[in-house]
Participant: 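Pasting a structure here, questions to come.
Index from 1, following the sequence.
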Amino acid sequence: MGTIKKDISIGFLVALFATFGGVFLYLEYFSRFSFETTLEMIKEGNLYGKILALAAIPNLFVFFVFIKKKEDNKAKGVLIATFLIAFITLVLKFF
């Protein structure tokens, strides 16, 4: 039973890392402005939820890699993290 919780935790952490990697990729490479300017624009426009939603896209790739490798418990962790990110996005959008 301990190994199942460990695998789910690993999947959860990998998904969070992929999300933060997605935020960094967006801010550094896809934005026309500098890193600091982009952060300031996000803050001024209250765009946290939209950026977080875009940043969660790499979780899709991580999820399918775990499914392909037959590591279902790690894929469950990714799914849990993605639902958490979706909930946070929902809260940021409406509150």
Participant: Return the CE to CG distance between M41 and N46, rounded to the nearest 0.5 Å.
Facilitator: 14.0 Å

Participant: May I have the step-by-step check of side chain to side chain contact (heavy atoms under 4.5 Å, CB included) for F66 and V14, ending in yes or no?
Facilitator: CA-CA 11 Å; F66 283 146; V14 168; 4.2 Å; yes

Participant: To the nearest 0.5 Å, how far apart are CD1 in I8 and CG in D72?
Facilitator: 10.5 Å

Participant: Show the atom names and distances, to 0.1 Å, of all donor-acceptor pairs under 3.5 Å that link a side chain in residues 20-40 to residues at least two apart or in another chain.
Facilitator:
from, atom 1, to, atom 2, distance (Å)
S31, OG, F33, N, 3.3
S31, OG, T38, OG1, 2.7
S34, OG, T37, N, 3.3
S34, OG, T37, OG1, 2.8
T38, OG1, S34, O, 2.8

Participant: So, using side chain to side chain contact (heavy atoms under 4.5 Å, CB included) as the criterion, who are the partners of K70 when residues are at least two apart?
Facilitator: none

Participant: Working to the nearest 0.5 angstrom, can you tell me the gap between N73 CG and I10 CD1?
Facilitator: 10.5 Å

Participant: With a 3.5 Å cut-off and sequence neighbours excluded, list the donor-acceptor pairs that the side chains of residues 74-95 form with protein atoms.
Facilitator:
from, atom 1, to, atom 2, distance (Å)
T82, OG1, N59, ND2, 3.4
T82, OG1, V78, O, 2.8
T89, OG1, I85, O, 2.8

Participant: Are L60 and V62 connected in the hydrophobic side-chain network, where two residues link if heavy atoms are under 4.5 Å apart?
Facilitator: yes

Participant: Could you tell me the separation between the CG atom of L52 and the OG1 atom of T19, rounded to the nearest 0.5 Å?
Facilitator: 7.0 Å

